[in-house]
Amino acid sequence: AEYLADRAKSDQPLLLQSPLSGLAGTLPGTAASAEVSVADVAGSNHPAAQWLPILRGLAMLVSDPRRDVRAAALNGVFDCLRDHGSAVFDKDTWRMAFNGVIKPLFDDIHHQLSGGDMHKSQTNPGGQPDGSYAAWAASMGPPTCLAALTALVRLFEARLDSLGFLLDDVLRLIENCVQHDTEAVARIGVEGFKQLLLQTGKRLDAEAWQKVTTSILKLFNDSMPEKLMCSAVTMSTASQLPFKKEAVVIQCVVQLLLIDMLQEAVEHHYEHVSTAGITTLLNALQRSFEFAQEFNQHIELRQTLKRLGFMREMKQLPGLLKQEREALSCSLKVLFQVQGDARMRGTPYVAQAVERLMGLCATVLRTYSAKERILQDLRETRPSSQSQQDRHDKQDLSVGGAQPDRDRDREAAAVEIEREVLGMVPIISDVVLRGLRDLDEGQFVRHAPEFFPLLCELSVVSSREIRGLVRSLMVERVAPLVTLGVTASASGTVPAVTAVGGEPTASTGERKK
């Protein structure tokens, strides 16, 4: 590689017929069967004539059963590209290297993980008679995929100026990893995407960020576990799950990983993301939050799923509570950041963001207060009715009644409400209330009439932390407004003061009449 990269060498060999070219047709599904043929560049002075056979030969060895060979081959591929590519590759050569080496390399790994080589001996390629090839590939594939994706991200970051035009291809490759039917590879795909954003985010322009955010939105939509809500599940006669459980579980995992990735990317690179890109990310979070919220509200559906075997080993009902909480929390944090962003002022984005933020905050506070009241009622009625309920259960059991089942369903619903209420406490305290407290004066005054009744509801909830924050908010932000309004009204300096309920109060002169 160093010899070929040395432009002072005038006797660089021309490729006539490499042994690798004869190998290309014999290994379908491997790196040798790439889109770019060796014959296309053989016998020419094009850089690919010398580099592609070397790179493709190394890429083939990444599938070798020997760990040391795999590691050395993988390092060799990306070391050559990183150390010498920018010096000797033009745009066309980079394109050929990506399509003819890197992409097939990942295709090989996916092919092995999918069991595509089961035509081989059930004895693994390492020669161990006690393991199948599938088991060997499964143990080899994820670590190799992680190493390959990490190396690709490092290459892209190190040579961003030369490789920026390949961003679409890199994103598609990562998307294929995230959408893989193996959970380990899906996790690796999201982690690779996160590292790509963290390492290159500051250097991506607005167009590149738009491509990135569009890709994130696509991944959110494609990995949404919509089969949980399919009509076949709601049929009372259903006797088995109408979907593959493992695939849906992977989608649920990917949703959480994507939310975490998005939040971390925004925390590090918010100022570099375009306003349109921020809107795209908010749309992705809203889609995730709304789907999870809708699913979580269907208690009977979740009970049916558990009866059919979905997440049966868990004590609680299957749910997307964490997805709902994390997507909601991330949305609120981003929206609070947008409404205070100086570059957004005067644009339609900030008005839309503030409207979405205030509506979401009000909905969250209203929902929390309502569920808190339900939970308090259940706590108050449960002890007094327990002995009477025990007598009813005994009577129903003696006559074969269905009352115990209904009681268990009600108890399960109560447990789910309690889980939701406890899970919402950090969002209310750490995000919503602190965000409202830190709003600028104009925004707070404008929306105080809407939030005052909701804050009053929160003053009687069970959480001491929330009650304390509500008290601070009332004292620090609401009380000065009330004092100002009373003082101004008494002095007659203003004709009217807006009351907390939203209706204007009478002016001083009107009250005297």
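Worth knowing before you read on, the calculation uses all heavy atoms, side chains too, and leaves out hydrogens, waters and symmetry mates.
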Do [Y] and [X] meet the salt-bridge criterion of a basic N to acidic O distance under 4.0 Å?
| X | Y | value |
| --- | --- | --- |
| Glu271 | Arg343 | no |
| Glu324 | Arg419 | no |
| Asp168 | Arg172 | no |

Just by distance, with hydrogens left out, do [X] and [Y] show a side-chain donor and acceptor under 3.5 Å apart?
| X | Y | result |
| --- | --- | --- |
| Ser223 | Gln251 | no |
| Tyr349 | Asp341 | no |
| Thr200 | Glu157 | no |

Requested in this report: Can you label the angle between the Phe291 ring and the Phe295 ring as parallel, tilted or perpendicular, going by 30° and 60°?
Outcome: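 Rings of Phe291 and Phe295: parallel, under 30°.
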### Task
Take the angle between the ring planes of Phe89 and Trp51 and call it parallel below 30°, perpendicular above 60°, tilted in between.
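If you compare the ring of Phe89 with that of Trp51, the planes turn out perpendicular.
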The test is salt bridge (charged side-chain N to carboxylate O under 4.0 Å, His left out); show your working for Glu191 and Arg187 and say whether it passes. CA-CA 6 Å; Glu191 180 61 25; Arg187 287 178 175 272; over 6 Å; no
Is atom CD of Glu207 surrounded by more than 12 heavy atoms (other residues, nucleotides or ligands) closer than 6.0 Å?
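At most 12 heavy atoms, drawn from other residues, nucleotides or ligands, come within 6.0 Å of this atom.
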Exercise. Ring centres of Phe165 and Trp94 under 6.0 Å apart?
Worked result: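 No, ring centres 6.0 Å or more apart.
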Is there side-chain contact between [X] and [Y], with heavy atoms separated by less than 4.5 Å?
| X | Y | answer |
| --- | --- | --- |
| Asp430 | Glu465 | yes |
| Gln352 | Glu355 | no |
| Phe193 | Ser215 | yes |

For the residue pair Arg203 and Phe156, would you count it as a cation-pi contact if the rule is NZ or CZ under 6.0 angstrom from the ring centre and within 45 degrees of the ring axis?
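That pair does not qualify as a cation-pi contact.
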